[in-house]
Amino acid sequence: VSVVVLALLAAAPSFSVDPDVGTTADVEREAERHWAALTRLWKKNTGDDVAGPEHIAVRARRDFSPGVNGRSAPGVVQLRPSRDVFTRRQRLALKHELAHQLLLAACPAAANDRLFHEAFAIWTSGELTNWLTKHITLQEARTRLAKGIDDRPSARAAIARLLAEAEAERTLVERMRQCKDGGRALLTVTALTRQVPAVFADADVVLSRHSGAVIAHSGAPALKMPFGSTLKPFVVAAHGPGPDLPVGDTAMWKCGARTQRMKTRDALLASCNGYFLDWAPPATFGPYQPLFDRFDVRPRVVAEAIGLASRLQLSAFELAQAYRVLAEAEPSLMKMLRANRTEGTLAAAGLTVEGATKTGTVRDADSRPRVGWIVFVDDDFVVVMAREGRAPSTFAPQLDTLVRGLKPRGFDVERGHFRPGCELDGIEVSVGKRLVVGRHVPNARWLCLGGPTVNGPGVVDGDRLRVERGTLDDG
Ligand SMILES: [Zn+2]
């Protein structure tokens with residue numbers, strides 16, 4: 001092992017930091033650490049070690065234009081100086097410029113591939129989330145980049161927006177691999193925003209709210225797809241209600257507002273992106289985040305939580321499971337969503353079955369629907385329906401038909417008492433007024449993903465739930 005470590009150290013450049021940069025020792029340490037991280041990333045994705053450069057000089061420069069904090073030439077990084085603290089801005093700028101240095105060394109043929117360089121630098125420097133905080137549409141991002149790709153803030157925000165799309169990171173990794181074979185082909189905006197057609201498909205899932213069992217499914221219930229607006233109720237459950245906000249005049253606010261101000265309830269029913277962006281609650285799903293962690297859904301910014309970017313994905317089955325938990329934990333929110341059928345996004349869809357609903361539409365860069373979602377929840381069932389290439393209101397009649405065919409039945413678990421010490425597989429959630437994950441709860445209603453709802457005392461033990469004495473929910 002030590003031989004390998006020595007070999008890697010030998011391949012790393014030495015750094016010299018001009019005293020005018022200000023925080024010499026900090027900059028040097030950070031440079032060494034980040035160079036090691038970058039070479040590990042490169043090796044992991046391409047299988048190749050990075051050779052050179054032997055030396056990188058970090059120099060101070062004061063005359064950058066506003067918003068620009070660093071610049072690179074082979075073997076030389078220029079940074080804005082700082083008096084005596086290593087600022088966050090300096091740190092990000094250093095990491096960004098080192099990414100350029102790494103690409104210059106690892107893929108010299110890509111020296112003129114400006115989009116590849118900037119996307120790689122933004123992806124690896126830790127600055128991505130900063131640029132995503134102020135949401136822009138894909139269309140706006142493409143318009144900006146058509147005017148030129150450079151290091152200014154407006155271009156960086158546009159590139160960050162592309163990187164929030166589902167296939168962007170994979171495309172970037174493919175571009176890294178092309179460096180092996182010459183690597184002269186330029187990365188394009190179109191390539192970064194492509195959405196592989198096979199990612200989308202129809203799917204239906206019906207879950208029993210009581211037993212957690214899949215009552216019916218068809219299509220591709222396990223296929224992960226971007227989830228559109230379907231998780232907005234979780235944002236409200238985690239952080240709401242939000243403030244009453246003035247209705248804005250941007251495209252994000254074109255959601256049927258008939259008043260000057262909007263409340264959380266109306267924003268949820270209208271699925272109003274502008275409201276959620278202006279409200280700007282924390283990006284995570286709060287107490288529901290552990291649930292979404294299981295599905296690999298960890299939003300970095302609100303725009304990702306509300307589905308404005310397609311990087312994060314859920315399957316119809318996972319979405320149904322999440323709603324089963326939400327329905328149990330948030331009955332008043334479910335009641336609110338019952339109005340969606342008459343005054344929300346499905347108001348004109350002619351849905352006749354009664355229950356809480358939430359829609360989601362995933363659109364491509366030209367605003368065509370790639371997949372539409374409807375989630376339906378009543379006292380007995382959670383239904384998730386996805387249709388490729390369609391907006392939700394166009395297939396609501398199919399939901400009507402499906403739900404009418406469902407009959408509450410003696411739920412497919414045996415009713416009766418749980419034996420003491422009964423164990424259920426997997427980590428579970430206890431739901432009372434709010435969701436609780438991972439602690440002893442003396443008297444609770446436990447909901448097991450893929451398993452029954454249980455009433456009784458329980459404790460989470462490692463990743464298992466032990467229900468000490470309980471009764472199965474009998475619906
Ligand atoms: Zn750059």
Side-chain angles (χ1 to χ4, degrees), residues 13 15 17-18 21 27 30-31 33-35 37-39 41-42 45 50 52-53 56-82 86-134 136 141-142 144-165 168-169 171-173 175-176 178-179 183-189 191-193:
F15 291 93
V17 182
D18 184 340
V21 175
V27 171
E30 183 71 32
R33 189 163 50 204
H34 194 60
W35 187 268
L38 286 169
T39 51
L41 178 81
W42 192 265
N45 287 302
V50 180
I56 294 176
V58 182
R59 295 185 188 144
R61 176 169 166 182
R62 287 164 206 279
D63 62 343
F64 285 126
S65 51
V68 177
N69 296 308
R71 186 125 296 168
S72 277
V76 180
V77 166
Q78 294 173 315
L79 292 183
R80 275 182 198 274
S82 163
F86 188 26
T87 61
R88 180 175 151 73
R89 192 167 72 169
Q90 255 189 330
R91 186 184 304 269
L92 290 180
L94 174 68
K95 289 173 152 187
H96 181 106
E97 297 311 322
L98 288 179
H100 287 310
Q101 295 291 330
L102 182 107
L103 280 193
L104 289 171
C107 193
N112 295 321
D113 191 340
R114 202 66 210 266
L115 181 61
F116 179 34
H117 259 263
E118 293 310 327
F120 182 77
I122 291 167
W123 184 46
T124 54
S125 62
E127 71 197 282
L128 181 61
T129 305
N130 297 2
W131 296 117
L132 290 175
T133 304
K134 191 174 181 318
I136 57 169
R142 293 203 303 193
R144 286 188 196 181
L145 295 174
K147 291 180 194 150
I149 296 164
D150 55 34
D151 253 346
R152 283 170 307 139
S154 87
R156 288 206 201 184
I159 293 167
R161 178 65 188 85
L162 307 188
L163 290 174
E165 287 301 296
E169 286 183 9
T171 305
L172 209 48
V173 168
R175 180 67 185 88
M176 288 161 71
Q178 285 164 8
C179 292
R184 282 184 193 284
L186 297 183
L187 184 64
T188 62
V189 171
L192 268 184
T193 52

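Order of listing sets the numbers, starting from 1, for every ligand and every atom in it. Heavy atoms only: backbone and side chains are in, while hydrogens, waters and symmetry mates are out.
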Any side-chain heavy atom of Arg114 sitting closer than 4.5 Å to one from Asp151? yes
With the Zn ion (ligand 1) as the point of reference, which N/O/S atom of Glu118 is the closest? OE1
Is there a side-chain contact between Glu169 and Val173, using heavy atoms and a 4.5 Å cut-off? no
Classify the ring geometry of His117 against His100: parallel below 30°, tilted from 30° to 60°, perpendicular beyond 60°. parallel
Measuring from the Zn ion (ligand 1), name the closest N, O or S atom belonging to Asp151. OD1
Flag side-chain contact, heavy atom, 4.5 Å: Val77 against Gln101: yes
Backbone or side-chain N/O/S of His117 under 2.8 Å of the Zn ion (ligand 1): no
